[in-house]
Every structure is written in C-alpha cells, then in structure tokens.
2 protein chains.
Amino acid sequence: MINNLSTEEKIKDAARKVFMTKGFSGCTTREIAKSVGINVALLNYYFRSKGKLFELILEAALSDLIDGMVEVFHQDMSLEDKTRLIIDKEFEFLKKYPEFPLFIHAGLNQESDTEMDLSSFLGRLYQTGIFEQCEKAQAEGKMRKVNMINVTLLFMSNCHFPIMSKKLISGIYQISEEEHENLLIAHQEIVKEMLINYLFPNTNQHA
Amino acid sequence: MINNLSTEEKIKDAARKVFMTKGFSGCTTREIAKSVGINVALLNYYFRSKGKLFELILEAALSDLIDGMVEVFHQDMSLEDKTRLIIDKEFEFLKKYPEFPLFIHAGLNQESDTEMDLSSFLGRLYQTGIFEQCEKAQAEGKMRKVNMINVTLLFMSNCHFPIMSKKLISGIYQISEEEHENLLIAHQEIVKEMLINYLFPNTNQHA
DNA sequence: TGAAAAATTAAGCGCTTGTTTAAAATAAGT
DNA sequence: ACTTATTTTAAACAAGCGCTTAATTTTTCA
C-alpha cells in the first residue's frame, strides 16, 4: 500500500469505510483514527468533530450517487438505452460498494442538529435535460405518462434494494455467497426488461 | 393510557419503538428504561442484556414480515389477485411503520456474536403452497418463468424501498409531507400494474 | 540557519455507556 | 402470620466515549 495521500485524505478514506459498514453511532473516532494509524486528536484537528466528519462523508456519498446518474443522463442516446445503461452502471457500482444504500438511508435518518440540504442535487439532474427528454417522449406517446419522481423511485427501488437486502434474502432462502451473486446477475436483466416494458410499452422488448 | 400490561411486555413495546427509530447503537438502555418508567437494572433483570433484547425485537419484526405474506399466500385466489392484495397490504403496513424496512436491514447488518437464523421463515412460506401455485402457473405459461427468489426481490424492492427512501426522495425533489403521501399512493398503483404486467404478461392489464 | 507555522502526540477531562451488586419493596404460598 | 420467592430500586462499577489542552515533532521559508 503506497502512502502518498495526505493525512486529511487518508482519514476521509478510513472514515468512509468505517461509517459505511458500521454507521455513525456504531463506531468510534478512536476506531477510525487507529485504522489510519494516527491519534484521535489529529482527527479532530482536521475535522473538528465526529459529526462534521460524518456529514462530509455522507454528503460526498450522495454526490457520488447523483454523479452516476448525471453521467448517463447527459449523453446523447434514447431513453431505452439510458435505462439499460443506468441500471447496468448502478448494479456495477453497488456491487462494488454494497453498504452504500443502507449507509445513505441510515445516515439521513440519523438525528442531527442540522437537516442535510439535498436541493442542490435536483439542479444537477435538471441540467442534463433528462426531464425534457422524458416530457417529449411522453407527449409523443413513446413513454408512459408517469411522474418523474415515481420513475426515480422505480429505478432506485429495483437497483438499491436487491443489494442492501443481501443478508435478509440469503438468510431466508439459505443461499451461498456465490448463489446470491448469480441471483443479482439474473435480477439485473429482469429489472431492465421490466422497467423498459413498463415505461416504454410500445417498444419491442427484444432489443 | 391503560397500564395493565406486564412489565416485560411494556419493556418490549418501548424497546421496539426506540430501536426502530434509532437503531441498536443509536440508543441507550437507560433511554428505553426511562420511557417505560423503570430502572435500567430491571431491564437487564428481564432480558439479561441490551443485545439480547435487541435480537428479540428484531426476530419478532422479521416474524411479522413473514406473517403478512403468509396470511395472503395461503388464501384461495389467483396469483394476480394475490399480487394486488399483497402489495396493498404491504404498503398499508409500511405506511404505518415506516421505520420497519431500515430497522430490519440495519439490524441484520449489525455485527453480532451470533448470526441470526432466518431459515425457519422459509418453511412457513412453503407451507402456504405459494411456490407450487407459481410453478403450476409457470408450467401453464400463465406466469413468466422467473426464479422465486427474484420474484420475492421484486416485491420487496418495490414496496419497501419507496417507504424507506422518504427522506432522500423528498429531500432531493423538495416535496412536502403531503406531497410525499400522494406520491406513495400513486406509486402503489404503479407497482401493482408493473409487476402484474411483468409476471403475468398474457393477462389483460385492465382487471 | 533559525524563527514561525503546521502537523502530530500523550495525557486527561468530564460524561455516558452497559452491566452488576446488594438492599428494599411487593407478592405468593403455607 | 411468617417464611420464601419475585419484582423493583438506588448506587456504583469499570470501561469507553467525544473532545481538548499543552507539549512535541516536523515542515516551511525567509
């Protein structure tokens, strides 16, 4: 492991890892500091408090979430292709960071003095023109007339939940790590077909 | 509030409420005891430790989850009707206890000395005959040939996630409490139609 | 080179945590 | 009534918590 990162960055990396797996109140500042190889005091020297560090990590995670969508939305392709691409990208990302969905939702539900402001993310989505593209497709009858928030919910539900429910699903159905991986591979295709069929009913489903 | 419940039951009720909203490490035994109006020692007198109490609550919650499914599955009706009914029931239940999904998944991810055994739940699902009913429908070409675990995932994803993502969704889209309620009402119908269309493609979608 | 600035540490602060102990209050049984 | 069991409490335990202070090491740069 090369160690050319700044201390500040190393703390953030360690904090991200620990917060993601254990949550805010499930870990200690000493634990984070130890995993970096530094003193607790230094952690507070850079980030003032555990809470401020957590907010920083959470905000960055949310920003990553939006970044993934924006990257696909502003490309020049059909809505069907965007659908396929975003589901593939989302599954790929979430398989790499399976704690991500739970971390975000538990983090937002964490009672904190200041409620996090998420409004800035909406602007970034608007700038991609994805909403206009959908409106146009809906007006032309090519896309089912569904509120865009519901569409967001459909995508997130079917990508995030399968990942975060790993322990529940593999616990109930008594399946191994490997079987669960195959389950997700199959599910990715199911979700793609189901969402495309539902949102673009006139399209031939055999692309 | 009438107080004719046993102390043990009162502690469980309070613990359920507190654990659900704040998680295991997000609350203290003193907090739970105080909300019952008893001493911390009494809590440990009945349940030995915070961890044991938590496991009890989590297990009961998981049992409730399965109960809801079982209740529908073992009824005598078509798969399409069961689909509609279970989605309606699930939304109704989760709107009443919105912390439920997050609690279960965060709880299962809680590192604990003993991994919780969930295998008993599968047996209860089998006994309803739902799997045979699906196999038969699939053999007759009335139901899409999809693995039952994937089917489970589709249902849970589209019912649980919309509820648990309230803060994220209403934060990004800047919508009020009331608007989010209406969003869920619309989403419930969307999910029903989408899942029925996908799982039973030959059925006329205008039931 | 040497003084000022930045980075890092050891130690400890006050407080809270989960849990236990020993005593007191209440209920049960004979 | 009296002994025994059960339920409940007050108090305290050691350990760990987030965070700070004051000193020390390292870096900066004139």
Side-chain angles (χ1 to χ4, degrees), chain A residues 1-59 103 106-107 109-114 116, chain B residues 1-60 103 106-107 109-116:
Chain A
M1 178 100 67
I2 310 159
N3 241 13
N4 51 2
L5 288 167
S6 75
T7 303
E8 194 171 341
E9 214 59 42
K10 282 197 285 184
I11 295 174
K12 274 204 272 189
D13 283 349
R16 188 181 305 115
K17 197 172 294 179
V18 176
F19 279 143
M20 284 250 184
T21 51
K22 304 195 170 188
F24 177 72
S25 32
C27 71
T28 70
T29 52
R30 280 174 175 82
E31 182 181 358
I32 297 171
K34 195 173 182 180
S35 85
V36 191
I38 57 148
N39 197 294
V40 236
L42 195 57
L43 191 145
N44 285 313
Y45 170 75
Y46 280 110
F47 300 98
R48 297 191 59 86
S49 78
K50 185 189 182 187
K52 294 242 190 280
L53 177 57
F54 182 77
E55 276 191 25
L56 211 74
I57 301 294
L58 179 59
E59 226 151 340
F103 167 70
N109 273 34
Q110 195 81 29
E111 61 182 337
S112 163
D113 37 3
T114 52
M116 188 163 293
Chain B
M1 179 100 66
I2 311 159
N3 242 13
N4 50 2
L5 288 166
S6 75
T7 304
E8 194 171 341
E9 215 58 43
K10 282 197 284 184
I11 296 174
K12 274 204 271 189
D13 283 350
R16 188 180 306 114
K17 197 172 295 178
V18 176
F19 279 143
M20 284 250 185
T21 51
K22 303 195 167 186
F24 177 72
S25 31
C27 72
T28 70
T29 52
R30 279 173 175 81
E31 180 182 358
I32 296 171
K34 195 173 182 180
S35 85
V36 191
I38 56 149
N39 196 294
V40 238
L42 196 57
L43 191 144
N44 284 317
Y45 170 76
Y46 280 109
F47 301 98
R48 297 190 60 84
S49 77
K50 185 190 183 186
K52 293 242 189 281
L53 177 56
F54 182 76
E55 276 191 26
L56 212 75
I57 301 294
L58 178 58
E59 227 151 339
F103 167 70
N109 274 34
Q110 196 81 29
E111 59 181 339
S112 164
D113 37 4
T114 53
E115 286 272 309
M116 186 163 295

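In the text below, chain A, chain B and the rest are named by the order of the sequence lines, each starting its count at 1. Worth knowing before you read on, the calculation uses all heavy atoms, side chains too, and leaves out hydrogens, waters and symmetry mates.
Contact of the B:Ile32 side chain with the B:Phe19 side chain is registered, since non-hydrogen atoms from C-beta on lie closer than 4.5 Å. Side-chain atoms of B:Thr21 and B:Phe103, non-hydrogen and from C-beta on, never get closer than 4.5 Å to each other. In this structure the side chain of B:Ile57 never reaches within 4.5 angstrom of the side chain of B:Phe54, judged on heavy atoms. Side-chain contact between B:Lys12 and B:Glu9 is present, with heavy atoms from C-beta onward closer than 4.5 Å.
Each of B:Asn39 and A:Cys27 was assigned the nucleotide of DNA chain D with the nearest heavy atom; the assignment lying further toward the 5' end belongs to B:Asn39. Mapped onto DNA chain C by nearest heavy atom, A:Arg30 and A:Ile38 fall at different nucleotides, with A:Ile38 at the one closer to the 5' end.
Contacts between residues 42-51 of chain B and DNA chain D, counted as heavy-atom distances below 4.0 Å, involve B:Leu42, B:Tyr45, B:Tyr46.
Summarising the geometry, the separation between CG on A:Leu53 and P on D:dC19 is reported as 10 Å, rounded to the nearest angstrom. Taking atom NZ on B:Lys34 and atom C1' on D:dA10, their separation rounds to 16 Å, with Å as the unit.
Across every non-hydrogen atom of B:Glu55 and B:Met116, the tightest pair is O-CE, 3.9 Å. Residues A:Glu31 and A:Cys27 approach most closely at OE1-CB, 3.3 Å, considering heavy atoms.
In this structure, CD1 in A:Ile11 is found 9.5 Å from CG in A:Asn44, a value given to the nearest 0.5 Å.
From the 5' end on, the contacts that DNA chain C makes with chain B at under 4.0 Å to a non-hydrogen atom open and close at C:dT17 to C:dT21.
Within the structure, a side-chain polar atom (N or O) of B:Thr7 is placed less than 4.0 Å from OP1 or OP2 of D:dT8.
Taking 4.0 Å as the cut-off between side-chain N and carboxylate O, A:Asp13 and A:Lys10 do not count as a salt-bridged pair.
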